Student: 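This is the structure I have questions about; it appears just below.
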Amino acid sequence: MRLAEQVAQRLQEWIGQGQWQPGQRLPAERALAQQLGVSRPSLREAIGLLASQGILSTRRGDGTYVQAPSNAFLLPGQIEPKAPILSDPEYSFDVLEARAALESNTAWLAAQRATTVDKERIRRCFDAMVRHQQSGQSQLSAQADVQFHLAIAEASHNVVLLRVMHSLFELLSSTVLQSRRAIFAMSEAQTAEALTQQHYALMQAIIEGDADGARQAIEQHLGYVRDSVHQLHGKARTLQPQPA
């Protein structure tokens, strides 16, 4: 993996961990390059990679900013989901169904294709998620949760799956935070332990190259979230079976 790609991954992790918020400007190029321990040309190339993905936005003469999630992947005539829609439990269940279909495959592929760098990135996201949860920072923990799942998608090395996951970034961020709030309301300590164990099992399966185990771990994790949300809202909806 080229240095610029490694730098881009590190910047993306920092963004996911809440170091910079959407709309916030990154430090000056010289200072950021020193912080990362890389040359300014390598940093510029990394920023260009993230800009091409819609994660960063470079403004001539003004600096580089974290891009707010965009509507770039919406089809003509579609409307971006807003808070009232996202707060609808039925809509959350639809998202969970989509995630089950998508992430069972990204996890399966990641277990077979993840590089050493990929595995380390997944581990850092997991550690950040646990650290923020333990310190009571639910927003940052939810962001790290999203980055954990995106890191797994990146480790699948399937460009199409990765683009779909990035296009769902805002939607995924919203539903992860809502799901976490809902199930934590029932039993915070028990939920924290359960989610930590589920994410750990998923991470370990990928690190160990256990593709079937990774698929089983993500399906169990999303099933737990689905059942918890169902319980909270008194629903009784069943996920549609997905092709093997």
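For the numbers below, each heavy atom of this structure counts, side chains included, while hydrogens, waters and symmetry mates do not. The structure displayed is predicted, hence computed values, not measured ones.
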Student: I'd like to know if the side chain of Asn105 pairs up with that of Arg215 as donor and acceptor (distance under 3.5 Å, no hydrogens or angles considered).
Tutor: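 The answer is yes; a qualifying pair exists.
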Student: Is there a side-chain contact between Met203 and Ile207 in this structure, where contact means two heavy atoms from C-beta onward sitting under 4.5 Å apart?
Tutor: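 Yes, side chains in contact.
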Student: Which atom pair, heavy atoms only, marks the closest approach of Gln67 to Ser57?
Tutor: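 Shortest heavy-atom separation between Gln67 and Ser57 comes out as OE1-CB, 3.6 Å.
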Student: Between Ala8 and Ala46, which heavy-atom pair has the shortest distance, and what is it?
Tutor: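 In this case the closest contact between Ala8 and Ala46 is N-CB, 3.6 Å.
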Student: Could you tell me the separation between the CD atom of Gln134 and the CE atom of Met129, rounded to the nearest 0.5 Å?
Tutor: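 Atom-to-atom, Gln134:CD and Met129:CE are 11.0 Å apart.
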Student: Could you state the interatomic distance from CD1 (Ile206) to CZ (Arg113), rounded to the nearest 0.5 Å?
Tutor: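 Rounded to the nearest 0.5 Å, the CD1-CZ separation comes out at 13.0 Å.
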Student: Find the distance between CG (Leu150) and CZ (Arg121) and round it off to the nearest 0.5 Å.
Tutor: 10.0 Å
Student: Could you check if a side-chain atom of Gln35 sits within less than 4.5 angstrom of a side-chain atom of Leu32, using non-hydrogen atoms only?
Tutor: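 Heavy-atom side-chain distance check passes, below 4.5 Å.
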Student: Return the CZ to CG distance between Arg131 and Asp127, rounded to the nearest 0.5 Å.
Tutor: 7.0 Å
Student: Answer yes if Tyr65 and Val7 sit in the same cluster of Ile, Leu, Val, Met, Phe, Trp and Tyr residues linked by side chain heavy atoms under 4.5 Å apart, and no otherwise.
Tutor: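 No, separate clusters.
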Student: For a 4.5 angstrom cut-off between non-hydrogen side-chain atoms, does Arg123 reach Gln204?
Tutor: yes
Student: Shortest non-hydrogen contact from Ala153 to Met165?
Tutor: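 The pair with the smallest heavy-atom distance is CB-CG, 3.7 Å.
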Student: When you check the side-chain N and O atoms of Glu154 and Gln12, is any donor under 3.5 Å from an acceptor?
Tutor: yes
Student: Considering only heavy atoms from C-beta outward, does the side chain of Glu13 approach that of Gln147 to under 4.5 Å?
Tutor: no
Student: Less than 4.5 Å apart, side chain to side chain, heavy atoms only: is that true for Val130 and Tyr200?
Tutor: no
Student: Let me know which of Gln197, His149, Gln216 forms a side-chain contact (heavy atoms from CB on, under 4.5 Å) with His221.
Tutor: His149
Student: To the nearest 0.5 Å, what is the distance between CG (Asp118) and CD1 (Ile152)?
Tutor: 10.5 Å
Student: Is the shortest heavy-atom distance from the side chain of Trp20 to the side chain of Leu56 under 4.5 Å?
Tutor: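 When only atoms from C-beta onward are counted, Leu56 and Trp20 do not touch, as no gap falls below 4.5 Å.
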Student: Of all the heavy-atom pairs spanning Ser39 and Ser42, show the shortest one and how long it is.
Tutor: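 Smallest interatomic distance, heavy atoms only, reads OG-OG, 3.1 Å.
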Student: Let me see the working for Val66 and Gln21 under side-chain contact (heavy atoms from CB on, under 4.5 Å), right down to the final yes or no.
Tutor: CA-CA 7 Å; Val66 177; Gln21 298 299 319; over 6 Å; no
Student: For Ile218 and Ala107, work out which heavy atoms get closest and say how close.
Tutor: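 Heavy atoms of Ile218 and Ala107 come nearest at CG2-CB, 4.1 Å.
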Student: Could you walk me through whether Ile55 and Leu11 pass the side-chain contact (heavy atoms from CB on, under 4.5 Å) test, one step at a time?
Tutor: CA-CA 10 Å; Ile55 297 171; Leu11 289 173; over 6 Å; no
Student: Would you say Thr64 and Leu50 make side-chain contact, with heavy atoms under 4.5 Å?
Tutor: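 Side chain of Thr64 against side chain of Leu50, heavy atoms only: no contact under 4.5 Å found.
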Student: At what distance, to the nearest 0.5 angstrom, does CG of Asp145 lie from NE2 of His132?
Tutor: 11.5 Å
Student: Using every non-hydrogen atom in the two residues, find where Ser104 and Glu219 come nearest and quote the distance to one decimal.
Tutor: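 Closest approach of Ser104 to Glu219, heavy atoms only: CB-OE2, 3.8 Å.
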Student: Please lay out, stage by stage, how Arg10 and Leu36 fare under the test side-chain contact (heavy atoms from CB on, under 4.5 Å).
Tutor: CA-CA 9 Å; Arg10 177 59 61 87; Leu36 289 163; 3.8 Å; yes
Student: Would you say the side chain of Gln220 lies within less than 4.5 Å of the side chain of Gln198, judging by non-hydrogen atoms?
Tutor: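 No, side chains not in contact.
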Student: Assess the residue pair Val164 and Leu102 against the criterion (side-chain contact (heavy atoms from CB on, under 4.5 Å)); give the C-alpha distance rounded to whole Å, side-chain angles, the decisive distance to 0.1 Å, and a yes or no.
Tutor: CA-CA 9 Å; Val164 173; Leu102 181 64; 4.0 Å; yes
